[in-house]
Amino acid sequence: MSFSDSDSSSSYGADYKNFKQVTRERLLQEMLRSAKAGDSRSTWKVLIMDKLTVKIMSYACKMADITQEGVSCKNLEDSSKIKAFLKNMSIKWWRIYTKEDSHYPPWMRYTSSNRLKRICVGDFCFLYCSIVMFLSDMSGKSPLYKKAYVFFSSPVSRDLVTHIKREGTVLPRIGALREMNLEYFAIDSQGFLTDHERALEELFGDEEDSRRSDAVLSVIGTRIASVFASLREFPYVRYRAAKSLDVTTMTTSRDLITTKLAARVWDRISQYKQKIEQFPQTETCDLLILDRSVDQIAPVIHEWTYDAICHDLLNMEGNKYVHEVPSKSGAPPEKKEVLLEEHDPVWVELRHAHIADASVRLHDKMTNFVAKNKAAQIQHGSRDGGQLSTRDLQRMVQALPQYSEQIEKLSLHVEIAGKVNQIIKDSGLRDLGQLEQDLVFGDAGTKDVIKYLTANEDASRENKLRLLMILAAIYPEKFEGGKGHDLMKLAKLPEDDMNAVNNMRLLGGAAETKKSSATSFSLKFDINKKKRAARKDRSGQEETGWQLSRFYPMVEELVEKLSKGELSKDEYPCLNDPSATFHGTSPAAIMNSSPHSMRSRRTPTWARPRHSDDGYSSDSVLRHASSDFKKMGRRIFVFVVGGATRSELRACHKLTSKLQREVVLGSTSLDDPPQFITKLKLLTANELSLDDLEI
């Protein structure tokens, strides 16, 4: 029986596995299959999880993966019903316990006095058993359950383990008691979250609370470290240092977020180095810790790739898309929910393509399908050579059942792309997107924004606000005093929208503005000079087909510099670099850094049209993805505190191919523009919740 992380999983060897594959195999191999020993092989098991671990499992595994292991999942609607069910079935009971999470409200937390924790599951909150209740269930001559396999998603205290060991009658009935050290959501083959939706509010809020901030950072640090425990990776830990400070500048907790988080991660990984078997003793990868202030534009600018623009414009709930399918009986259309995730090969192929590129490729796929299938040609009939509509595709599904899987996938994405393109046309997003990118690359300024707002009074409230937020990120001085109110008045935006613009200062804008005011002439001169130079750099290099694909997030530039060894060690120190002068510095120390420039302009490559086959097998897609990693260099991990964007996730996929190093993006949350704007408003709306605000 092991009281530490299992040592059976490693990402090294001939069969290289990507980040999500390693996560999935750990859950299936080390946890579920660990019970298939001795007489437990023939016994059906029930997996009971709390709210957090349900999400961990659901992101990494499918329900079919779990049932194939002889395990059933039960909803925790009522603890007494589940206990009665388990007792009557006389089956073995699995539990996954999690230690106290500091972000839970006090009434939900584990307490040393009663050893109980309130867990919120679905729409019910109830008293859920923890260590003492578990021991009560398993002790005595007639235990409630024959066998228990207990897995902790994150480290537990030595005192708790000792407390369990003291129960002599319980110990023989425990089949497993382990720290899985796996407490993150694998949302993508190269992305994970730590489940801190309110991190922006809790860490960057107007009212500083150092105790709350430290508690949140501690949990985030533990969960980041569990990624490295799962992959058996030992990182160089680099972070964005606090801005250059002088005697007139007060240090805030916001300035030290990345410094403190890096220290938390390093402390936990140092423990893993001593505790986990086969954990590397020398550095094997790179970790770069950033916060949302590194790029205030990426969360609000219109991103034109298929994945990002679908989530931005279609009001999707997570990755769930709802569409209508015709009824076979002639009844009204039925609503059907689909998940746009990695099991869909068409989605995987198109998600990072420009929406125009995706639309063209979808049309080509359908044309090729019709050309290669005589039955489809007959069904297409007299419209041969014309463009297929969504209705045509849906009729083919019914008429050609042998091709149903291919046609259904194509039909779905043709419909989605059609909706997106219609919204773009109806709302005039193309002109707005051009202005946004011209602002970013120095080809437009405040006068152009005023001209747009004057000529487009019917533009949506959200789009006008996002435009002004981009302007504020580039020219914060334009919103000082009453200037910002004049722009908001021109845009006819309400006062609470101004809060979103003003709150950008809490992400670093205020310090930069203050520093700029002392050298106003120099700053103005530099900005004009940069605009002129940017235009020269881009002259004649744009891809005329996808001119709205110029934008790229700062994460992309930073990762490239890190990979080339060009990332400044003053601005991005390394905690475990023995050659650095700051080695051994206290985690609370403030480190100097020089301000870095706005984006340089470069030729876009990721949105160029690509050729692909018409494969529809998700297994085939995963095989190709896995084979692409076999010759990769060491991994690069980037963590963004305060929410990541889909453009940043897309950049990590792009850089993986470009650098031949798997680049994994982590964050406290993954935010689409409406979500980010709402969270930004909450930074000074202390009495409101996410549900109280609208964009």
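FYI, the numbering just counts along the sequence from 1. Computed from a predicted structure; not experimentally measured.
- A salt bridge does not link Glu436 to Arg466: none of the charged nitrogens lies less than 4.0 Å from a carboxylate oxygen.
- Partners of Tyr272 according to the side-chain hydrogen bond (donor to acceptor under 3.5 Å, both in side chains) rule, which considers only residues two or more places apart in sequence or in another chain, are Asn181.
- With sequence neighbours excluded, no residue forms a salt bridge (Lys or Arg N to Asp or Glu O under 4.0 Å) with Arg238.
- Here the closest heavy-atom approach between residue Leu200 and residue Leu683 is recorded as O-CD2, 3.1 Å.
- Side-chain contact between Lys679 and Glu197 is present, with heavy atoms from C-beta onward closer than 4.5 Å.
- With respect to Glu349 and Lys365, a salt bridge is recorded, a charged nitrogen being found less than 4.0 Å from a carboxylate O.
- Inter-residue side-chain proximity for Phe185 and Ile56 is flagged as met; some heavy-atom pair is nearer than 4.5 Å.
- In terms of the side-chain hydrogen bond (donor to acceptor under 3.5 Å, both in side chains) criterion, residue partners of Asp307 (sequence neighbours excluded) are, by chain and number, His311.
- Residues Met469 and Ala500 share a closest heavy-atom pair of CE-O, 4.2 Å.
- By the 4.5 Å heavy-atom criterion applied to side chains, Asp312 and Glu303 are not counted as neighbours.
- Lys273 places a side-chain heavy atom less than 4.5 Å from the side chain of Gln281.
- Applying the side chain to side chain contact (heavy atoms under 4.5 Å, CB included) criterion to Ala262, with sequence neighbours excluded, gives Val237, Tyr239, Ile289, Leu575.
- Annotation: side-chain hydrogen bond (donor to acceptor under 3.5 Å, both in side chains) contacts of Thr668 (sequence neighbours excluded): none.
- When side chains are defined from C-beta on, Tyr59 does not count as touching Thr23, because their heavy atoms never get closer than 4.5 Å.
- Under the salt bridge (Lys or Arg N to Asp or Glu O under 4.0 Å) criterion, Glu648 pairs with Arg292, sequence neighbours left out.
- Residues satisfying the salt bridge (Lys or Arg N to Asp or Glu O under 4.0 Å) criterion with Arg24, sequence neighbours excluded, are Asp65.
- With sequence neighbours excluded, the residues that form a side-chain hydrogen bond (donor to acceptor under 3.5 Å, both in side chains) with Asn421 are Ser359.
- Partners of Met63 under the side chain to side chain contact (heavy atoms under 4.5 Å, CB included) rule, at least two apart in sequence or in another chain, are Thr67, Cys73.
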- Could you walk me through whether Leu52 and Glu183 pass side chain to side chain contact (heavy atoms under 4.5 Å, CB included), step by step? CA-CA 8 Å; Leu52 176 66; Glu183 198 164 276; 3.7 Å; yes

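- Ring-plane geometry between Tyr306 and His413 is classed as tilted, the angle between the planes lying from 30 to 60 degrees on a 0 to 90 degree scale.
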Practice prompt. Could you check Phe637 against Ile224 for side chain to side chain contact (heavy atoms under 4.5 Å, CB included), going step by step and ending with a plain yes or no?
Written response: CA-CA 10 Å; Phe637 295 83; Ile224 294 173; over 6 Å; no

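- Side chain of Arg351 to backbone of Leu340: no donor-acceptor contact under 3.5 angstrom is found.
- By the side chain to side chain contact (heavy atoms under 4.5 Å, CB included) test, Glu337 is found to be paired with Lys320, Val322, residues two or more places apart in sequence or in another chain being considered.
- Electrostatic pairing of Arg650 and Asp188 does not count as a salt bridge here, judged by no charged N lying under 4.0 Å from a carboxylate O.
- Residues Leu562 and Leu558 fail the side-chain proximity criterion, which asks for heavy atoms closer than 4.5 Å.
- Inter-residue side-chain proximity for Ser189 and His653 is flagged as met; some heavy-atom pair is nearer than 4.5 Å.
- Between Val420 and Cys310 the shortest heavy-atom distance is CG2-SG, 4.1 Å.
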task: Output, in order, the C-alpha distance, side-chain angles, deciding distance and verdict of side chain to side chain contact (heavy atoms under 4.5 Å, CB included) for Val227 and Phe19.
output: CA-CA 9 Å; Val227 172; Phe19 163 75; 3.7 Å; yes

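- Side-chain N/O atoms of Ser293 and Arg240 include a donor and acceptor closer than 3.5 Å.
- Closest approach of Ala473 to Gln296, counting heavy atoms only: CB-CB, 4.2 Å.
- Partners of Asp672 according to the salt bridge (Lys or Arg N to Asp or Glu O under 4.0 Å) rule, which considers only residues two or more places apart in sequence or in another chain, are Arg646.
- Between Tyr572 and Lys561, every side-chain heavy-atom pair lies at or beyond the 4.5 Å cut-off.
- In this structure, Ser657 has no side chain to side chain contact (heavy atoms under 4.5 Å, CB included) partners at least two apart in sequence or on a different chain.
- Between Trp304 and Gly433, the shortest heavy-atom distance links the atoms CZ2-CA, 4.0 Å.
- In this structure, a donor-acceptor pair under 3.5 Å is absent between the side chains of Asp570 and Ser568.
- No side-chain donor-acceptor contact under 3.5 Å links Ser213 to the backbone of Leu203.
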